[in-house]
Amino acid sequence: MTSSSESSTSHVARSAALVAVLFAGDKVLGLARDVVISRTFGASAQLDAYYAAFELPDGLFTILAGSAMATTLIPVLSARIKRAEHQEAWRLVSAVVNLALLIVAAVGTVAAIFAPQVIQLVAPGFDAEQTALGAKLMRLVLIQTLLFTTSGILVGVLRAYQHFLLPALAPICYTLGRIAGTLWLAPRWGIFGLAWGGVGGAVIYFLVLVPGLVHFRARWWPTLTHPDIRPLLNLIGPRMLGLGATYLTFVLPTFLGSRLSAGAISAYEYGWRLMQFPETIIGTALGITVFPTLAMLAESHDRPGLRRTGSWALRLVLALAVPAAVGLLVLGRPLTVLLFQRGAFDANTTSRVFLALQFFALGLIFHSALEVTSRLFYAQKDMWMPLWAALAGLAINATLGWLLLPILAQGAIALSNALGVGAQVGILLLVAWRRLRGIEAKSLLKSLARTLAASALMTAAVLAFRALFSSLGPRLVGVSGLVIGVATYLLAAVLLGSEEIIQLPRLLSRTRPGSPGPSAPEASSRDNLEPP
């Protein structure tokens with residue numbers, strides 16, 4: 001590896017580490033939020049309606065506004081920033097924000113009017129009472145969607161400026177808002193207290209970004225036009241379609257789960273959140289921080305650099321995601337007991353959650369890998385290939401979910417989700433291998449072999465501990481098993497010569513030449529940075 005590429009990966013590693021630390025803080029708070037929610041609502045019809053209320057607002061934000069605009073904006077904006085055309089960059093941002101707000105406000109108004117029909121569409125198994133509750137909640141969620149439309153785009157702008165700290169802090173405030181809503185508003189207003197807490201958190205989320213905007217001398221113009229809007233729209237079309245396919249994968253659990261007994265959607269969502277804890281810290285953090293670097297390499301037509309950086313990021317993701325997935329499989333039940341089993345969340349609910357969680361263990365690997373592989377294409381301004389891959393994944397997801405639902409209940413939804421995302425990753429890797437004339441497959445396979453071997457030793461150590469101390473309660477098993485598993489994996493990985501694990505401390509501590517220190521990093525997902 002050349003000194004310049006090592007400097008680049010060192011910078012990305014440090015940024016990803018800072019993002020991961022902040023994400024971990026947010027995820028710990030997220031777990032606290034879920035503990036509070038589980039104690040208050042368990043896996044209930046009320047909570048099912050709450051999750052259903054997010055489906056259309058999520059799609060509105062993801063497809064029409066924040067996520068699509070932010071992702072496609074970064075490569076276009078990065079080119080302006082590279083040429084030091086900062087005033088034009090902010091003119092572009094103004095036009096994008098104004099357009100997005102107009103679209104979301106118009107569609108959101110129509111959605112609020114026809115809210116009961118929307119809930120019936122996404123959750124056809126709901127009865128009249130659940131449908132009415134979901135419609136009222138959805139109108140509240142649409143308010144925060146309008147706020148997140150602006151915030152989501154501004155987060156992308158700060159990333160383009162290689163600033164990640166404030167965007168990583170913002171979701172923490174959103175999570176705190178939902179915790180406050182559950183603790184202090186829900187006793188009076190029930191599930192509406194949780195919804196209003198989210199609205200308050202969305203306001204604070206935006207305010208946290210303001211100092212970063214001031215630092216980069218943000219300006220706003222009342223305009224809907226800019227020379228870069230046309231190329232941006234050329235990029236955003238296929239990106240919106242791709243995100244539409246991704247959005248449907250989030251609607252599927254509600255659509256299918258509404259046909260199961262009450263609480264099935266909630267049980268699936270608890271499993272999803274447990275999987276998202278390591279996935280966000282590992283996959284999302286690295287994917288977000290490596291993206292601006294990939295975009296710069298693509299802009300410079302540095303194909304070898306793009307191949308090296310992408311392969312390195314994928315190897316690091318797998319070196320961390322594989323053992324985390326094994327940990328979920330081996331320790332998922334005791335960890336669910338440790339975190340959630342209290343109040344309205346009983347042992348039966350734990351079993352329902354673990355049914356989904358054990359299949360999400362596989363999904364953790366694929367979701368983490370997708371964070372890197374998809375960005376290899378977005379960095380090259382190719383939005384079409386991720387779209388085709390997403391459509392293929394959606395077809396697999398929907399077909400398997402429907403066929404397996406009578407057999408595995410919410411477990412079928414989790415398994416089909418994992419296999420659908422796995423298909424996406426496979427397609428994108430194959431195309432990247434052909435387009436970049438390789439993805440350093442030999443290094444990737446060697447790294448994966450070491451990771452699997454170290455994970456197997458970790459599994460043996462945890463299972464031996466559980467066999468020797470079978471009389472311990474599940475909560476103690478969860479904590480002790482986690483410590484033993486992490487220590488065993490790290491030791492085994494080092495002894496087996498895992499370059500990613502061995503080099504990581506050095507990359508994190510290395511000072512980037514010509515730079516005073518690491519840039520600040522940041523976050524994302526349905527319950528992460530990208531608001532749910």
Q) With side chains defined as the heavy atoms from C-beta onward, is the minimum distance between Gln130 and Leu133 less than 4.5 Å? A) no
Q: Could you tell me whether Tyr268 and Tyr51 have their ring centroids closer than 6.0 angstrom?
A: no
(Q) So which atom in Asn417 and which in Asn397 form the shortest heavy-atom distance, rounded to 0.1 Å? (A) N-OD1, 3.4 Å
Q. To the nearest 0.5 Å, how far apart are CG in Leu376 and CG in Leu297?
A. 10.0 Å
(Q) To the nearest 0.5 Å, what is the distance between OG on Ser94 and CH2 on Trp220? (A) 7.5 Å
Q.
Closer than 3.5 angstrom, by distance alone: can the side chain of Thr223 be matched with the main-chain N or O of Thr225 as a donor-acceptor pair?
A. yes
Q: Please work out which of the three classes, parallel, tilted or perpendicular, describes the rings of Phe61 and Phe148, given edges at 30° and 60°.
A: perpendicular
Q: Could you walk me through whether Glu371 and Val317 pass side-chain contact (heavy atoms from CB on, under 4.5 Å), step by step?
A: CA-CA 9 Å; Glu371 298 282 2; Val317 160; over 6 Å; no
Q. What are the two closest non-hydrogen atoms of Ala432 and Ile439, and how far apart are they?
A. C-CG2, 4.0 Å
Q. Between Leu286 and Ile282, does a side-chain contact (heavy atoms from CB on, under 4.5 Å) hold up when you go through it step by step?
A. CA-CA 6 Å; Leu286 186 58; Ile282 297 166; over 6 Å; no
**Q.** Ser374 OG to Leu387 CG distance, which is reported to the nearest 0.5 Å
**A.** 13.0 Å
(Q) Other residues, nucleotides and ligands only: do more than 12 of their heavy atoms fall within 6.0 Å of CH2 on Trp90? (A) yes
(Q) I'd like to know if the side chain of Arg307 reaches the main chain of Leu436, judged simply by a donor and an acceptor atom lying under 3.5 Å from each other, with no hydrogens or angles considered. (A) yes
Q. Any side-chain heavy-atom pair from His163 and His215 closer than 4.5 angstrom?
A. no
Q: Flag the pair Leu209 / Val155 as yes when at least one side-chain heavy-atom distance between them is below 4.5 Å, and no otherwise.
A: yes
Q: Taking the side chain as every heavy atom from C-beta outward, state whether Tyr174 and Gln144 have any atom pair closer than 4.5 Å.
A: yes
Q: Could you tell me the separation between the CG atom of Leu314 and the CG atom of Leu429, rounded to the nearest 0.5 Å?
A: 6.0 Å
(Q) Quick check with a 6.0 Å cut-off and a 45 degree axis cone: is Arg91 positioned over the face of Trp221's six-membered ring? (A) yes
Q. Which heavy atom in Arg33 sits nearest to a heavy atom in Arg178, and how many Å separate them?
A. NH1-NH1, 3.7 Å
Q: Please assess Val122 against Phe255 for the test side-chain contact (heavy atoms from CB on, under 4.5 Å), listing each intermediate value before the final yes or no.
A: CA-CA 5 Å; Val122 299; Phe255 182 84; over 6 Å; no
Q. Does a donor on one side chain sit under 3.5 Å from an acceptor on the other, for Ser311 and Arg315?
A. yes
Q: Report yes if some heavy atom in the side chain of Trp312 is under 4.5 Å from a heavy atom in the side chain of Val372; otherwise report no.
A: no
Q: Please name the pair of heavy atoms, one in Ala321 and one in Ile365, separated by the smallest distance, quoted to 0.1 Å.
A: O-CG1, 4.1 Å
Q.
Could you measure the distance from the CG atom of Leu213 to the CZ atom of Arg219? Nearest 0.5 Å is fine.
A. 14.0 Å
Q. Would Gln424 and Phe366 count as a side-chain contact (heavy atoms from CB on, under 4.5 Å) if you check the C-alpha gap in whole Å, the side-chain angles of each, and the deciding distance to 0.1 Å?
A. CA-CA 9 Å; Gln424 283 183 255; Phe366 293 140; over 6 Å; no
Q) Looking at Leu364, Asp34, Leu31, which hits side chain to side chain contact (heavy atoms under 4.5 Å, CB included) with Leu274? A) Leu31
(Q) Can you confirm whether Leu185 sits close enough to Leu194 that some side-chain heavy atom of one is under 4.5 Å from a side-chain heavy atom of the other? (A) no
Q: Answer yes or no: is there a side-chain heavy-atom contact under 4.5 Å between Leu428 and Met385?
A: yes
Q: State yes or no: are the ring centers of Phe277 and Trp272 separated by less than 6.0 Å?
A: no
Q. Looking at CE of Met296 and CG of Leu306, how far apart are the two atoms once the value is rounded to the nearest 0.5 Å?
A. 13.5 Å
Q) Does Gly287 offer a backbone N or O that forms a donor-acceptor pair with the side chain of Arg375 under 3.5 Å? A) yes
**Q.** For Leu140 against Ala195, the heavy-atom pair lying closest together
**A.** CD1-CB, 3.7 Å
**Q.** Heavy-atom side-chain proximity of Val431 to Phe377 below 4.5 angstrom
**A.** yes
Q | Gln120 and Thr131: CA distance, side-chain angles, deciding distance, side-chain hydrogen bond (donor to acceptor under 3.5 Å, both in side chains) verdict | A | CA-CA 6 Å; Gln120 287 176 341; Thr131 299; 5.0 Å; no
Q) Are Arg83 and Glu88 ion-paired here, with the side-chain N under 4.0 Å from a carboxylate O? A) no
**Q.** Closest heavy-atom pair and its distance - Val290, Ala313
**A.** CG2-CB, 4.3 Å
Q: Please answer whether the main-chain N or O of Leu224 pairs with a side-chain N or O of Asn98 as donor and acceptor at a distance below 3.5 Å.
A: no
